[in-house]
*Asks:* 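Submitted below is the structure of interest, expressed as structure tokens.
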Amino acid sequence: MRGGEELDGFEGEASSTSMISGASSPYQPTTEPVSQRRGLAGLRCDPDYLRGALGRLKVAQVILALIAFICIETIMKCSPCEGLYFFEFVSCSAFVVTGVLLILFSLNLHMRIPQINWNLTDLVNTGLSTFFFFIASIVLAALNHRAGAEIAAVIFGFLATAAYAVSTFLAVQKWRVSLRQQSANDYIRARTESRDVDSRPEIQRLDT
């Protein structure tokens, strides 16, 4: 009987020891949500962005830039070709960059990279695309306006310019709003820190 009691005591001590060691062990099961550990598996489309003005304009920009690029690619002969090559580069670059931004914004991937100012990035893209599409369309209309594909490319180039111009205007407004919110948050944070310092005289004594 004594041996049984000693064995029970040993098992109780072992179980309590394992509980203590388990509680103090650094290798605890993580409580991180499963959706955050899946990486790209938790992606979902943001319908609110696609329904908004910026989302619709960005979809229109991608479509217009793609159509303009296709029109310019169907031209087999050109004389001179400088305007055609420039329009081809502008339309292709605008389609790729705007398409990437559309994917990032519609899937909320930009929220995972907060180090980048995405409002400013979108503003720079729309502004530069407006300028270069306008110049490329004017040059193409002045130098190459004989074939039907050239005329179609010029038309879609000016349509893309208008879409990018409206998007630039909206992006400027959104960027200004974000700057105001950031300045307001900085002001509130500074006021909160000053109140914390005023409510703790020991901190003031250490500072002096």
Side-chain angles (χ1 to χ4, degrees), residues 40 43-179 181-182:
L40 298 178
L43 295 179
R44 64 181 183 86
C45 183
D46 187 5
D48 295 333
Y49 175 77
L50 296 177
R51 293 171 186 170
L54 290 175
R56 292 181 179 180
L57 282 171
K58 202 163 292 296
V59 172
Q61 292 161 11
V62 171
I63 295 175
L64 292 173
L66 177 60
I67 295 175
F69 178 72
I70 293 174
C71 290
I72 210 69
E73 284 296 311
T74 58
I75 301 174
M76 305 306 297
K77 296 181 181 180
C78 58
S79 179
C81 297
E82 290 77 11
L84 189 143
Y85 293 154
F86 180 61
F87 188 91
E88 180 183 13
F89 171 77
V90 171
S91 59
C92 181
S93 301
F95 168 73
V96 172
V97 176
T98 308
V100 171
L101 290 178
L102 177 62
I103 294 174
L104 290 175
F105 292 151
S106 60
L107 297 179
N108 287 326
L109 289 174
H110 65 290
M111 301 296 293
R112 304 190 179 188
I113 313 177
Q115 296 82 4
I116 299 178
N117 190 340
W118 292 105
N119 293 328
L120 182 59
T121 302
D122 189 30
L123 174 59
V124 171
N125 173 62
T126 54
L128 292 177
S129 298
T130 302
F131 175 76
F132 284 111
F133 246 124
F134 181 69
I135 298 299
S137 300
I138 291 178
V139 172
L140 185 64
L143 299 179
N144 306 89
H145 57 274
R146 298 177 181 85
E150 296 172 351
I151 298 174
V154 170
I155 293 174
F156 283 105
F158 281 116
L159 290 176
T161 301
Y164 276 107
V166 176
S167 184
T168 301
F169 175 75
L170 296 178
V172 168
Q173 290 184 335
K174 186 176 180 180
W175 180 57
R176 289 179 178 177
V177 171
S178 65
L179 288 180
Q181 291 178 352
Q182 184 178 1

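For the single chain, residues carry numbers from 1 onward in sequence order.
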*Asks:* Would you mind telling me which of Thr121, Asn117, Leu123 makes a side-chain contact (heavy atoms from CB on, under 4.5 Å) with Asn119?
*Replies:*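 Testing each of Thr121, Asn117, Leu123 against Asn119, the sole residue satisfying side-chain contact (heavy atoms from CB on, under 4.5 Å) is Asn117.
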
*Asks:* Please give me the minimum heavy-atom distance between Ala53 and Leu170, naming the atom from each residue.
*Replies:*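 Between these two residues, the closest heavy atoms are CB-CD1, 3.9 Å.
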
*Asks:* Verify, without hydrogens or angle tests, whether Trp118 (side chain) and Phe105 (backbone) share a donor-acceptor contact under 3.5 angstrom.
*Replies:*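 Flag not set: sc Trp118 to bb Phe105 has no pair under 3.5 Å.
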
*Asks:* Nearest heavy-atom pair of Leu140 and Ala153: which atoms, and what distance?
*Replies:*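 Here Leu140 and Ala153 meet closest at CD2-CB, 3.9 Å.
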
*Asks:* Restricting to non-hydrogen atoms, name the atom on Thr74 and the atom on Ala149 that form the minimum distance, rounded to 0.1 Å.
*Replies:*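 Closest pair (atom of Thr74, atom of Ala149, distance): OG1-CB, 3.4 Å.
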
*Asks:* How far apart are the closest heavy atoms of Gly83 and Val139, and which atoms are they?
*Replies:*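 Scanning both residues completely, I find the closest heavy atoms to be CA-CG1, 3.7 Å.
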
*Asks:* Of all the heavy-atom pairs spanning Ala68 and Phe156, show the shortest one and how long it is.
*Replies:*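 Distance-wise, the nearest heavy atoms are CB-CB, 4.1 Å.
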
*Asks:* Nearest heavy-atom pair of Ser167 and Thr126: which atoms, and what distance?
*Replies:*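 Taking every non-hydrogen atom into account, OG-CG2, 3.4 Å.
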
*Asks:* Checking Ser91 side chain against Glu88 main chain: does a donor-acceptor pair fall under 3.5 Å?
*Replies:*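 Confirmed, Ser91 side chain pairs with Glu88 backbone.
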
*Asks:* Salt bridge between Lys174 and Asp122, side-chain N to carboxylate O under 4.0 Å?
*Replies:*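 Judged by the 4.0 Å cut-off on N to carboxylate O distance, Lys174 and Asp122 do not form a salt bridge.
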
*Asks:* Restricting to pairs with a member in residues 127-140, which pass side-chain hydrogen bond (donor to acceptor under 3.5 Å, both in side chains), not counting sequence neighbours?
*Replies:*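 Non-adjacent pairs meeting side-chain hydrogen bond (donor to acceptor under 3.5 Å, both in side chains): Thr130-Thr168.
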
*Asks:* Please list all pairs passing the side-chain hydrogen bond (donor to acceptor under 3.5 Å, both in side chains) test where one or both residues lie in residues 148-166, with sequence neighbours left out.
*Replies:*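 Sorted result for residues 148-166: Thr98-Tyr164.
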
